[in-house]
There are 2 protein chains.
Amino acid sequence: MSTGPTPLPAAGRRRPPRDEVRRALLDAAARTFARQGIDGASLDDVAAAAGFTKGAVYSNFGSKEGLVAALVDDRVSAYLDLGLAAVDDPAATLPERARALGDRLTAASDEQHDWHLLFLQLWQRAVRTGPADDSFVRRHGELRAAVAEAVANHAEQAGTELPLPAASVATLLLALSNGLAIERMTDPAAVPDDLMGRVLALLVGGGTTGTTGGTTGGTGPDQR
Amino acid sequence: MSTGPTPLPAAGRRRPPRDEVRRALLDAAARTFARQGIDGASLDDVAAAAGFTKGAVYSNFGSKEGLVAALVDDRVSAYLDLGLAAVDDPAATLPERARALGDRLTAASDEQHDWHLLFLQLWQRAVRTGPADDSFVRRHGELRAAVAEAVANHAEQAGTELPLPAASVATLLLALSNGLAIERMTDPAAVPDDLMGRVLALLVGGGTTGTTGGTTGGTGPDQR
DNA sequence: GGTATCGGATACCGCTCGGTATCCGATCTC
DNA sequence: GAGATCGGATACCGAGCGGTATCCGATACC
């Protein structure tokens with residue numbers, strides 16, 4: 001039930017390409033760090049999960065700190081792309097896009113599970129090391145700014161007036177993404193699948209949207 | 001020679017009462033664990049922060065795990081009481097209570113700062129050890145249930161119909177508390193002081209603006 | 001006031017981890 | 001095809017940690 005009999009390159013003799021080793025190590029690090037904690041997981045654990053030994057880690061990343069930094073770079077970018085892609089469907093209305101984004105962010109796949117676990121560890125690390133010289137805080141700020149811009153654009157296109165500034169909506173969106181993930185992992189029953197989407201709809205002025213339909217229902221509350 | 005000036009009870013010769021030592025150790029543990037991480041902080045660190053040595057910890061809590069468990073018991077209860085107290089003002093309207101609770105939970109004191117840092121560590125621990133036999137998850141569930149009941153009661157008293165089920169509102173409240181704390185610690189400027197209160201007001205049907213009684217008259221700089 | 005007891009201090013142990021030096025075999029170059 | 005090179009494997013080290021056994025002095029008890 002693990003990832004298979006032999007993770008990747010087997011103990012075999014072939015030499016895998018450089019990028020392949022890097023990828024395998026990064027993926028294994030994401031999984032292992034998420035599950036055991038960055039402090040709790042040893043480099044031996046990470047390397048073994050990828051089918052290598054500690055030497056491969058030091059050869060590719062120089063140190064544990066280097067591995068973590070590479071992970072930030074790799075994962076935060078991926079998360080940003082994922083979120084923006086979900087919002088960038090120009091055919092939907094604003095509340096629809098809000099719901100789509102919510103569903104996307106709430107999608108309870110193991111991938112998301114691990115991501116949030118990892119995210120919180122990276123965030124704690126960033127807070128502890130102080131506000132200076134930290135790539136995680138910077139990346140996170142970029143993500144928030146991008147979301148804010150997307151929200152503002154969509155609101156303008158839809159002709160809707162937001163009940164809150166776009167920047168605040170972006171902050172709330174990120175906060176809800178993390179906060180609801182926490183609640184969901186603690187008790188899945190406490191977080192309905194559509195909760196995120198409904199709240200986002202409220203935040204962008206969707207009112208009491210009970211509409212669980214896909215597209216704008218016949219009972220469209222606000223067409224003019 | 002002089003063992004050096006020790007922080008709290010001095011190297012003095014008096015013997016402090018039992019509960020006093022326990023309290024000092026718990027407080028020191030909360031601070032130290034929050035700042036360095038539960039895994040990152042050694043028992044020597046914790047004991048030293050309280051002005052004692054490791055022996056005091058083992059005498060009082062038996063193990064590091066025992067110390068953590070005692071901390072859960074001590075802190076989660078305190079947090080629950082704080083939240084409920086903020087909501088239990090029977091003189092206020094529902095949105096007002098929502099705002100009061102939001103302000104209370106957002107209050108950016110160092111105490112709250114450490115609390116959220118500690119909370120997330122305890123939560124991660126609970127998620128990792130599996131859903132079984134964990135007091136933290138159970139306590140958290142009690143907290144959520146209590147909040148849900150308070151929300152439902154207040155809504156009924158106020159004659160307001162909630163746009164979401166009370167249980168969902170409770171979940172959102174906890175999620176926002178954690179999520180916004182995270183955003184705030186990452187970038188304080190991104191989370192206005194009144195954001196939590198305004199969102200809570202939205203969640204309980206408080207309409208679009210934060211008019212909760214004597215606040216802004218509503219002739220804000222709104223244009224179309 | 002002499003003794004028993006309790007509880008924190010001290011010394012110590014085994015283990016794990018990050019990091020380093022080194023080895024060795026597969027790939028690359030000519 | 002023979003040597004150069006690169007990169008992961010292996011062996012090893014020192015530090016720091018949780019945990020334990022023991023000590024010792026201040027309080028409690030009669």
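Chain A is the first sequence line, chain B the second, and so forth, proteins listed ahead of strands; every chain is numbered from 1. Keep in mind the model is a prediction, meaning the values are calculated, not measured. As a basis for the values below, the full set of heavy atoms in this structure was taken, side chains included, without hydrogen atoms, waters or symmetry mates.
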Next item on the list: Check the surroundings of atom CZ in A:Arg128: do more than 12 heavy atoms from other residues, nucleotides or ligands lie under 6.0 Å from it?
Entry: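 Result for CZ/A:Arg128: enclosed.
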
Without decimals, in angstroms, what is the distance between [X] [atom1] and [N] [atom2]?
X       : N     : atom1 : atom2 : answer
A:Arg22 : D:dG7 : CZ    : P     : 12 Å
B:Glu20 : C:dG8 : CD    : P     : 11 Å
B:Asn60 : C:dG8 : CG    : C1'   : 9 Å

Contact check, side chains of [X] and [Y], non-hydrogen atoms, under 4.5 Å:
X       : Y       : value
B:Arg31 : B:Arg35 : yes
A:Leu26 : A:Leu67 : yes
A:Arg22 : A:Arg18 : no

Checklist line | Of the listed nucleotides C:dA9, D:dG8, C:dG8, the one nearest the side chain of A:Ala56 | finding: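 Ranking C:dA9, D:dG8, C:dG8 by closest atom to the A:Ala56 side chain puts D:dG8 first.
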
Next item on the list: Would you check if the side chain of B:Arg144 reaches a backbone N or O of B:Thr171 as a donor-acceptor pair within less than 3.5 Å?
Entry: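 Side chain of B:Arg144 to backbone of B:Thr171, a donor-acceptor pair under 3.5 Å: no, none is there.
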
Next item on the list: Kindly say whether B:Ala29 contributes a backbone atom to a donor-acceptor pair with the side chain of B:Thr32 at under 3.5 angstrom?
Entry: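 Absent.
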
Notebook entry, point to check: Taking only side-chain nitrogens and oxygens of A:Ser59, does any of them come within less than 4.0 Å of OP1 or OP2 of D:dG7?
Noted result: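 No.
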
Check: Would one find a side-chain N or O of A:Arg18 under 4.0 angstrom from OP1 or OP2 of D:dG7?
Finding: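 Yes, within the criterion.
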
Notebook entry, point to check: With the sugar-phosphate defined as primed atoms, P, OP1 and OP2, and the base as all remaining atoms, what B/S/- string results for nucleotides 14-19 of chain D, 5' to 3', for protein heavy atoms under 4.0 Å?
Noted result: ---SBB

